[in-house]
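This report refers to the structure that appears directly beneath it.
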Amino acid sequence: METENHPTINALTEPENLSDSLFSGDEEQTGTEGLKNEINPNSSFSSQTEARLHAKAKRRLRKNSSRDSGRGDSVSDNGEGSRIIPTSPKSKLMDRKSRSGKGRGLPKKGGAGGKGVWGTLGQVYDMEEVDIKDPNYDEDQDNCVYETTVLPLDEKAFEKTVTPIVQEYFEHGDTNEVAEMLKDLNIGEMKCGLPMLAVSLALEGKPSHREMTSKLLSDLCGTVLSTQDVKTSFDKLLQELPELVLDTPTAPKFVGQFIARAVGDGILSRNYIDSYKGTVDCIHARAALDRATLLLSMTKNVKKCIENVWGSGGGQQPVKNLVKEIDMLLKEYVLSGDIKEAERCLQELEVPHFHHELVYEAVLMVLEANGENTYNMMLDLLESLWKSAVITLDQLRRSEEH
């Protein structure tokens with residue numbers, strides 16, 4: 001190979017050949033490059049390939065915008081292609097972030113753009129002006145006044161709605177709250193059913209519940225109820241007594257006491273009982289009216305007797321009255337010696353949180369007594385009350401501290 005190339009090189013470098021060559025000036029330079037290529041053809045081919053790939057990579061980079069950077073192929077500066085996994089089109093549709101590749105990556109319009117969006121936080125909308133050119137425009141619309149209307153309650157809805165109100169009243173005892181809640185309801189013609197429903201619920205409750213019911217009827221009369229509503233309600237109660245007796249055998253007695261209390265409070269006229277004379281066939285209704293007549297016919301302390309017709313118990317009573325009741329209970333026990341009667345009277349007070357006062361008053365009575373009889377009786381009473389769980393050990397300790 002070397003012997004073959006030497007004559008060619010020598011022939012090209014001779015002076016004659018240089019002067020008569022086909023290349024001159026710039027053409028001579030290209031000729032020299034061609035000579036180099038002829039000398040090393042592999043180097044020229046590789047440089048051309050690299051230049052072509054580099055130019056192609058630049059064109060691809062210019063063609064692919066930043067918006068489509070997440071899809072398709074991307075080419076590095078070295079010309080090496082890398083496949084990028086395309087993202088799901090569904091996630092792009094639901095994405096509220098900017099797709100332009102610019103900005104800080106925050107939601108578009110601060111999260112206030114798109115359908116079903118109320119706007120930015122704290123945005124206040126102006127009053128919408130009515131367009132007169134709107135085909136749906138109505139002239140009477142400007143003078144229209146909108147008011148909320150509450151449909152009147154029927155019998156089933158009335159019982160379902162008012163029953164929880166009365167039951168909650170037995171817990172808090174606030175008649176003003178009951179009046180406000182009833183005003184929000186459209187009772188309508190069912191007003192006369194309110195006293196009947198309250199009395200029916202109180203018949204199954206405690207004496208304190210019956211006292212609270214009488215107070216509720218007295219406070220509601222004149223604001224929510226009228227005297228005619230109360231009269232109509234008690235008429236229905238007398239008619240429903242045969243059914244009420246099945247659940248509450250003492251219903252005639254309690255209804256008579258409710259009637260006497262209503263007359264004493266002034267929400268029923270005194271002629272109400274006289275209007276039924278000679279016209280009552282039901283045994284239970286007659287017993288209720290007789291009970292009311294008996295309570296109203298008492299000559300001494302009629303008002304006080306009617307006010308205490310349900311007893312003087314309950315957590316709503318003043319502390320002084322409860323102390324007097326416990327003192328009278330212990331004095332009656334010392335005279336009679338009946339432990340069961342004393343226990344019954346104590347439970348009728350319905351103040352289990354105040355039973356420690358009984359222990360305190362019993363100790364004072366023993367200290368003030370002269371003989372041992374009172375000591376033994378009080379000891380037997382406290383022992384019986386402790387065994388029946390009417391008085392707890394904690395109440396005994398509280399009375400000792402007191």
Nearest heavy-atom neighbours spanning Leu194 and Leu220: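 In terms of heavy atoms, the two residues are closest at CD2-CD1, 3.8 Å.
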
Minimal non-hydrogen separation, His284 against Pro252, with atom names: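 Taking every non-hydrogen atom into account, O-CB, 3.6 Å.
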
Would you say that [X] contacts [Y] through its side chain, given a criterion of any heavy-atom pair below 4.5 Å between the two side chains?
X	Y	value
Leu182	Ile187	yes
Val359	Leu385	no
Phe234	Leu237	yes
Arg286	Leu289	no
Val178	Glu168	no
Phe354	Val323	yes

Taking [X] first and then [Y], would you say they form a salt bridge - that is, a charged N and a carboxylate O separated by under 4.0 Å?
X	Y	answer
Asp265	Arg261	yes
Lys277	Asp274	yes
Asp327	Lys331	yes
Glu383	Lys387	yes

Residue pair Met365, Val334: steps toward the side chain to side chain contact (heavy atoms under 4.5 Å, CB included) verdict: CA-CA 10 Å; Met365 193 172 290; Val334 171; 3.9 Å; yes

Between [X] and [Y], is there a donor-acceptor pair closer than 3.5 Å when you use the side chain of the first and the backbone of the second?
X	Y	answer
Thr163	Lys160	no
Ser233	Met196	yes
Asp229	Ser226	yes
Thr232	Gln228	yes
Ser214	Arg210	yes

From Thr250, Val245, Leu244, residue fulfilling side-chain contact (heavy atoms from CB on, under 4.5 Å) relative to Thr248: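 Only one of Thr250, Val245, Leu244 forms a side-chain contact (heavy atoms from CB on, under 4.5 Å) with Thr248, namely Thr250.
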
Sole candidate of Leu217, Leu216, Thr223 that passes side-chain contact (heavy atoms from CB on, under 4.5 Å) when paired with Thr175: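 Result for side-chain contact (heavy atoms from CB on, under 4.5 Å) with Thr175: Leu216.
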
Derivation and outcome, side chain to side chain contact (heavy atoms under 4.5 Å, CB included), residues Thr392 and His355: CA-CA 9 Å; Thr392 61; His355 287 178; over 6 Å; no

Does [atom1] in [X] sit with more than 12 non-hydrogen atoms of other residues, nucleotides or ligands closer than 6.0 Å?
X	atom1	result
Leu379	CG	yes
Tyr272	OH	yes
Ile132	CD1	no
Glu159	CD	no

Side chain to side chain contact (heavy atoms under 4.5 Å, CB included) assessment of Ile165 paired with Leu185: CA-CA 11 Å; Ile165 296 176; Leu185 302 175; 4.1 Å; yes

In Å, rounded to the nearest 0.5 Å, how long is the span from [atom1] of [X] to [atom2] of [Y]?
X	Y	atom1	atom2	answer
Met378	Asn373	CE	CG	10.0 Å
Lys215	Met212	NZ	CE	8.0 Å
Leu294	Gln257	CG	CD	10.0 Å
Gln48	Glu50	CD	CD	11.0 Å
Phe158	Lys191	CZ	NZ	11.0 Å

Salt bridge (Lys or Arg N to Asp or Glu O under 4.0 Å) between Glu341 and Arg344, worked out: CA-CA 5 Å; Glu341 180 66 17; Arg344 185 188 64 81; 2.4 Å; yes

Pair Lys206-His209, side chain to side chain contact (heavy atoms under 4.5 Å, CB included): steps then yes or no: CA-CA 5 Å; Lys206 302 176 181 179; His209 293 167; 4.3 Å; yes

